[in-house]
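Chain A is the first sequence line, chain B the second, and so forth, proteins listed ahead of strands; every chain is numbered from 1. Excluded from the calculations below are hydrogen atoms, water molecules and symmetry mates; all remaining heavy atoms, backbone and side chain alike, are included. The shown structure was predicted, so the numbers you read here are calculated from the model rather than taken from an experiment.
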Amino acid sequence: MAFQSPKGTFDWLPPRSERALRVREAVSAPARRAGYGYIETPTFEDTALFARGVGESTDIVSKEMYTFDDKGGRSITLRPEGTAPVVRAVLQHGLHNGRLPVKLWYSGNNFRYERAQRGRYRHFSQVGIEALGADDPALDAEVILLAAEGYAALGLTGVTLLLNTLGCKECRPAYRAALQGFLAGLDLDEPTRRRAEINPLRVLDDGRPELQARLAAAPLVTDHLCETCKAYHEEVRSLLSALGVAYTDDPRLVRGLDYYMRTTFEFVHDRLGSQSAVGGGGRYDGLSEMIGGPPLPGVGWAIGVDRTVLAMEAEGLFGGEDPAGGVPVQVYGVPLGEEARRRMFRLLAEIRAAGLVADMAFGGKGLKGAMKGADRSGARFALILGERDLAAQAVQVKDLSTAEQTEVPLAQVVHVLKGKIQ
RNA sequence: GUGGGCGUAGCUCAGUUGGCAGAGCGCCAGGUUGUGGUCCUGGAUGUCGUGGGUUCAAGUCCCAUCGCUCACCCCA
């Protein structure tokens, strides 16, 4: 084998690739119905955008970015996440100077240099939404609702919404100090100690059970919120409850990106191997300023397309797909000889123009091989066209499920097929 | 970055104490030169991941390396 996909990457192949398309479609549909416009940003950005936006202390920036110098000597990074680029684009084009909030959705690939395992690869696709320019708990609730609707539309029942707030720049410093004080009393390993200094909140997110046990008595954000944050969070919670969106309060949910404040949430699924998150997001009111823009509040999420497919597979939500992938073929052409092949090619275009899904035998197979192709295509009808039929200006229409075959004039075949297939 | 498991046909995998490279499925051809599926008959396909070592002899043992995979960590 000459080449294979780069380490830690994979290919989506038919028919399974249809599942990824279906997830993208279902997860973006609610946002489109809620006034979110589509945005595409470059697959790569100035490295500094992520370094400053996502945060130097995060794992993403400190060890997982695909960074290189381009031929002009610029430091470029393949995007590891979608929010910072969207905020950059909004600021660059002044979208925040118009009607607020700016509501956008996107769909694309992200890249992180990680050790691959089930549900975690060096490239992964996300669908995401961002709403900028409004500091309103109803917007947080809307954003969360749109994700929940997407999962529900796919039939997922094993997705749990974890909800938390991280406070704001008023109340977080006091909490941070309290937490740091607590962590200083623990005997921590070196990397964790360093994290406790730079971003102590992220220590709470550590997955190791032995550490979690020692964190049992750690101070929680929810006990240190200022009145504004407390009221904001209560409003988000009550709006979600009013909508019937089920959630679990998780005061230790922090998430790995530094720009989050106030509302954070994560959608988790319990059958993804060692991964759990299928989507997540939160409010990032300081991000715009971190990357040199004006104060601009924002809230959004990203849903992992690949992991959502895995979750659906774990729940057995797929089946009955077209074996070749794509839309199931309804009519299959079997031409005999060169002249018939030309005529069949034209006929195929007419059939497709009439709204039917049609394919034909390519590659000069004999009749037997072409019929085999018809069978494997899954088509209900085969159209057999040879010298004799051409002379009679007719085509043989064979119902492959009953083996019943009738001769139909060429001029009427599209009409007849439409009638049979409706 | 750390640790475990695994690399044999297109796919799933056997391969015994080291002794001729295998099966099922799939694919191709024929049975049927204008008719698919089922059936019957035949056929093709291998850098045994790669490189080195031990040995009369290595898919099998040893070393290295690459890849896959699972887990840690982190997250989508």
Side-chain angles (χ1 to χ4, degrees), chain A residues 1-10 13 23 27 54 57-64 79-83 107-128 147 159 189 191-192 195 202-203 205-211 253-257 266-269 272-281 301-311 323 332 334-337 340 361 365-390 395-405 407:
Chain A
M1 195 179 306
F3 287 105
Q4 45 183 311
S5 56
K7 184 178 171 65
T9 66
F10 65 97
L13 303 174
V23 166
V27 151
V54 176
S57 77
T58 61
D59 284 15
I60 291 175
V61 172
S62 62
K63 55 188 190 195
E64 293 176 356
R79 69 173 169 228
E81 63 96 42
T83 301
S107 175
N109 284 334
N110 293 341
F111 308 87
R112 293 181 196 172
Y113 190 86
E114 305 210 55
R115 187 80 178 261
Q117 60 185 277
R118 184 170 182 74
R120 192 186 76 179
Y121 297 92
R122 291 185 174 181
H123 74 119
F124 57 100
S125 51
Q126 291 184 326
V127 170
V159 173
D189 59 273
T192 311
R195 257 203 297 174
R202 295 188 56 245
V203 177
D205 218 15
D206 199 300
R208 291 173 292 185
E210 66 277 11
L211 181 56
L253 178 69
V254 174
R255 302 185 48 74
L257 291 76
E266 204 161 282
F267 290 89
V268 297
H269 197 273
L272 294 182
S274 68
Q275 324 304 326
S276 61
V278 289
W301 48 247
I303 284 175
V305 174
D306 322 305
R307 282 193 190 171
T308 301
V309 171
L310 290 178
Y332 194 92
V334 176
L336 300 168
K365 295 192 184 76
L367 176 62
K368 194 183 170 79
M371 282 304 292
K372 197 171 277 198
D375 186 54
R376 289 173 190 176
S377 76
R380 169 94 184 274
F381 296 99
L383 301 183
I384 299 146
L385 188 68
E387 302 287 319
R388 301 204 300 255
D389 308 297
L390 281 174
V395 61
Q396 305 297 323
V397 176
K398 180 167 185 176
D399 184 328
L400 291 170
S401 60
T402 62
E404 189 183 332
Q405 184 169 316
E407 183 170 303

Send over the distance from [X] [atom1] to [N] [atom2], rounded to a whole Å.
X: E114(A); N: C75(B); atom1: CD; atom2: C1'; value: 6 Å
X: R122(A); N: G1(B); atom1: CZ; atom2: C1'; value: 11 Å
X: L310(A); N: U69(B); atom1: CG; atom2: P; value: 12 Å
X: L367(A); N: G30(B); atom1: CG; atom2: C1'; value: 15 Å
X: L336(A); N: G36(B); atom1: CG; atom2: C1'; value: 13 Å
X: K372(A); N: C28(B); atom1: NZ; atom2: C1'; value: 8 Å
X: K7(A); N: U65(B); atom1: NZ; atom2: P; value: 13 Å

Axial cation check for Y113(A) ring with R122(A), 6.0 Å and 45° limits
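R122(A) over Y113(A) ring: yes.
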
Rounding to the closest angstrom, what is the interatomic distance between [N] and [M] at atom [atom1]?
N: C66(B); M: A23(B); atom1: P; answer: 35 Å
N: U60(B); M: C20(B); atom1: C1'; answer: 15 Å
N: C73(B); M: G3(B); atom1: C1'; answer: 12 Å
N: A57(B); M: C13(B); atom1: P; answer: 34 Å
N: C48(B); M: G59(B); atom1: P; answer: 8 Å
N: A9(B); M: A44(B); atom1: C1'; answer: 10 Å
N: G22(B); M: U45(B); atom1: P; answer: 12 Å
N: U69(B); M: A64(B); atom1: P; answer: 23 Å

Does [X] get its side chain close enough to the base of [N], under 3.5 Å, for a donor-acceptor pair?
X: R376(A); N: G26(B); result: no
X: R118(A); N: U69(B); result: no
X: Q275(A); N: A71(B); result: no
X: R112(A); N: C75(B); result: no
X: D375(A); N: G37(B); result: no
X: R115(A); N: C70(B); result: no
X: K368(A); N: G34(B); result: no
X: Q396(A); N: U35(B); result: no

Base, sugar-phosphate, or nothing for [X], non-hydrogen atoms under 4.0 angstrom?
X: D389(A); answer: base
X: G279(A); answer: sugar-phosphate
X: R388(A); answer: base
X: G373(A); answer: nothing
X: G281(A); answer: nothing
X: S125(A); answer: nothing
X: Q405(A); answer: base
X: A382(A); answer: nothing

Could you check which nucleotide pairs with [N] in any of the strands shown, counting Watson-Crick or G-U wobble with both distances under 3.5 Å?
N: C61(B); result: G53(B)
N: C68(B); result: G5(B)
N: C20(B); result: none
N: C39(B); result: G31(B)
N: C48(B); result: none

Which nucleotide wins on minimum distance to the side chain of [X], given the candidates [options]?
X: S276(A); options: G67(B), C75(B), C74(B); answer: C75(B)
X: R120(A); options: A76(B), G34(B), G36(B); answer: A76(B)
X: Q126(A); options: U35(B), A76(B), G37(B); answer: A76(B)
X: Q117(A); options: C75(B), G67(B), A71(B); answer: A71(B)

Could you tell me the separation between the [atom1] atom of [X] and the [atom2] atom of [Y], rounded to the nearest 0.5 Å?
X: N109(A); Y: R79(A); atom1: CG; atom2: CZ; value: 7.0 Å
X: Y332(A); Y: K398(A); atom1: OH; atom2: NZ; value: 14.5 Å
X: R202(A); Y: T58(A); atom1: CZ; atom2: OG1; value: 6.5 Å
X: Q396(A); Y: L336(A); atom1: CD; atom2: CG; value: 10.0 Å
X: L385(A); Y: L390(A); atom1: CG; atom2: CG; value: 4.5 Å

Start at the 5' end of RNA chain B and walk down; is the nucleotide closest to Y113(A) or to V203(A) reached first?
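Of the two residues, Y113(A) wins.
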
When you match R255(A) and K398(A) each to their closest nucleotide on RNA chain B, which lands nearer the 5' end?
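It is K398(A), whose closest nucleotide lies nearer the 5' terminus.
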
Establish, with yes or no, whether the OP1 or OP2 oxygen of C74(B) is under 4.0 angstrom from a side-chain nitrogen or oxygen of K63(A).
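No, because none of the side-chain N or O atoms of K63(A) sits under 4.0 Å from OP1 or OP2 of C74(B).
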
Quick one: does [X]'s side chain have a donor or acceptor within less than 3.5 Å of a partner on [Y]'s backbone?
X: Q275(A); Y: R118(A); answer: yes
X: H123(A); Y: F10(A); answer: yes
X: E114(A); Y: A116(A); answer: no

